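Inspection log for the structure reproduced underneath, given as structure tokens.
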Amino acid sequence: MKALIFDVDGTLADTEDAHREAFNDAFAKAGFDWHWDRALYKHLLKVTGGKQRIRFFLEENRPEVLERADIDELIPALHKSKTGFYVSRLENGQVPLRPGIEALIRECRATGLTFAIATTTTPVNVEALLKANLGEDALGWFACIGDGGVVPVLKPEPDVYTWVLDKLGLDAADTLALEDSRNGLVACQRAGVPCLIVTNDYTVGQDFGGALDIWETYEGVTLERLRGVYGKANG
Ligand code: XBP
Ligand code: MG
């Protein structure tokens with residue numbers, strides 16, 4: 001196991017309610033009466049990427065809006081506004097890391113293990129989350145950061161993982177990915193990356209067939225336990 005590849009949303013932190021509230025803030029600011037509650041958002045999480053998620057919502061709930069001549073400007077504008085609201089929440093310290101993840105990161109980092117990130121979220125979101133929770137230099141702890149800006153297609157397609165593997169110069173089998181969702185798992189599987197799932201309230205109960213293991217928390221998780229689970233994949 002030469003590198004750990006971290007997903008961000010739902011893995012490093014339970015970010016999705018902050019994303020959800022930021023979407024709602026952006027809709028309200030633009031004068032729309034759309035409101036995403038937790039049940040609806042759980043369904044919308046089927047689609048990764050904020051812009052893609054807004055479009056998916058409109059297809060199912062407000063198809064007439066998609067007929068607007070300015071729809072291809074409206075969705076990015078709403079998403080930009082949403083990112084602003086979301087980053088404010090991060091910078092205000094409203095989104096802590098998941099319990100146990102910082103201790104795990106610090107333990108692994110002390111051994112010199114290589115870290116990378118593979119996420120579908122917007123780059124500025126990753127930067128703000130890491131800085132707010134781990135300090136100004138935390139971006140530099142990761143050998144590379146694959147985010148929603150580096151590849152055209154998002155999870156469950158494997159592209160962000162293959163991009164990261166290429167940057168790391170490692171074979172998929174030499175890495176371990178930490179993910180929270182089925183979309184993340186499928187992206188790993190398509191890239192050949194062994195994947196450990198740690199669920200959260202939004203993803204618990206999804207189909208995680210093929211994951212190395214399915215845990216509920218990072219609390220008490222050590223590098224030794226990660227090596228144990230990785231060993232299951234590599235015999
Ligand atoms: C995360 C996402 C992202 C966030 C919102 O999935 O799907 O879209 O929900 O971020 P994963 P943006 O954890 O599998 O990477 O609005 O910046 O897209
Ligand atoms: Mg995730």
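Predicted model only: the values in this text are computed from it and were never measured. Atoms within each ligand, like the ligands themselves, are counted from 1 in listed order. Side-chain atoms are counted along with the backbone in the values below, which use heavy atoms only and exclude waters and symmetry mates.
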Atoms of ligand 1 close to Thr122 [distance to a heavy atom under 4.0 angstrom, numbered from 1]
12 (P), 17 (O)
Does a side-chain N-to-carboxylate-O contact under 4.0 Å join Arg106 and Glu102?
yes
Can you check whether Arg53 has an N/O within less than 3.5 Å of an N/O in ligand 1?
yes
May I ask you to identify the nearest protein heavy atom to atom 10 (O) of ligand 1, giving residue, atom name and distance to one decimal place in Å?
Thr121 OG1, 2.8 Å
Within the distance-only criterion (no hydrogens, no angle test), does the side chain of Arg190 pair as donor or acceptor with the backbone N or O of Pro156 below 3.5 angstrom?
yes
Anything under 30° is parallel, anything over 60° is perpendicular, the rest tilted; go ahead and classify Phe115 against Phe142.
tilted
With the side chain counted from C-beta on, respond yes when Trp36 and Glu21 share a heavy-atom pair under 4.5 Å apart, and no when they do not.
no
Among N, O or S atoms, Asp180 approaches the Mg ion (ligand 2) most closely through OD1
The atom name of the N, O or S atom in Asp9 nearest to the Mg ion (ligand 2) is O
Just jot down the ligand 1 atoms closer than 4.0 angstrom to any heavy atom of Asp9, in number order.
1 (C), 3 (C), 4 (C), 13 (O)
Below 4.0 angstrom from a heavy atom of Thr119, which ligand 1 atoms are there? Numbered from 1 as shown, please.
15 (O)
Could you measure the distance from the CD atom of Glu91 to the CG atom of Leu129? Nearest 0.5 Å is fine.
11.5 Å
Sub-4.0 Å atoms of ligand 1 with respect to non-hydrogen atoms of Tyr41
9 (O)
Check whether any side-chain N or O of Arg98 sits under 3.5 Å from a backbone N or O of Val198 as a donor-acceptor pair, and report yes or no.
yes
Can any side-chain N or O of Thr203 pair as donor or acceptor with the backbone N or O of Asp180 at less than 3.5 Å?
yes
Closest to atom 3 (C) of ligand 1 (judged by heavy-atom distance), picking from Val160, Thr120, Thr203
Thr120
Looking at Asp7, the N, O or S atom sitting nearest the Mg ion (ligand 2) is OD2
What atoms of ligand 1 come within less than 4.0 Å of a heavy atom belonging to Glu16?
1 (C), 4 (C), 9 (O)
Worked check of ring-ring contact (aromatic ring centres under 6.0 Å, His included) between Tyr202 and His19:
CA-CA 13 Å; Tyr202 273 117; His19 280 295; over 10 Å; no
If you measure every N/O of Thr48 against every N/O of ligand 1, is any gap under 3.5 Å?
no
Sort out for me which residue in Leu226, Ile117, Thr175 forms a side chain to side chain contact (heavy atoms under 4.5 Å, CB included) with Leu4.
Leu226
So for ligand 1, is Lys51 a polar contact partner (N or O within less than 3.5 Å, distance only)?
no
Under 4.0 Å, counting heavy atoms only: does Asn125 come that close to any atom of ligand 1?
yes
Looking at ligand 1, does His79 have a heavy atom less than 4.0 Å from it?
yes
Where the closest heavy atom to atom 13 (O) of ligand 1 is concerned, which of Val126, Leu44, Asp7 has it?
Asp7
Is it the case that ligand 1 has an N or O less than 3.5 angstrom from some N or O of Gly184?
no
Counting non-hydrogen protein atoms only, what is the nearest one to atom 18 (O) of ligand 1? Give residue, atom name and distance.
Gly50 N, 2.6 Å
Does CD belonging to Glu64 count more than 12 external heavy atoms closer than 6.0 Å?
yes
Test Thr11 against every option in Asp7, Asp9, Asp14 by the side-chain hydrogen bond (donor to acceptor under 3.5 Å, both in side chains) rule and name the one that passes.
Asp7
Using heavy-atom distances only, which candidate in Gly146, Gly49, Pro156 approaches atom 8 (O) of ligand 1 most closely?
Gly49
Please examine the side chains of Phe56 and Leu44, heavy atoms only from C-beta on, and report whether any two atoms are closer than 4.5 Å.
yes
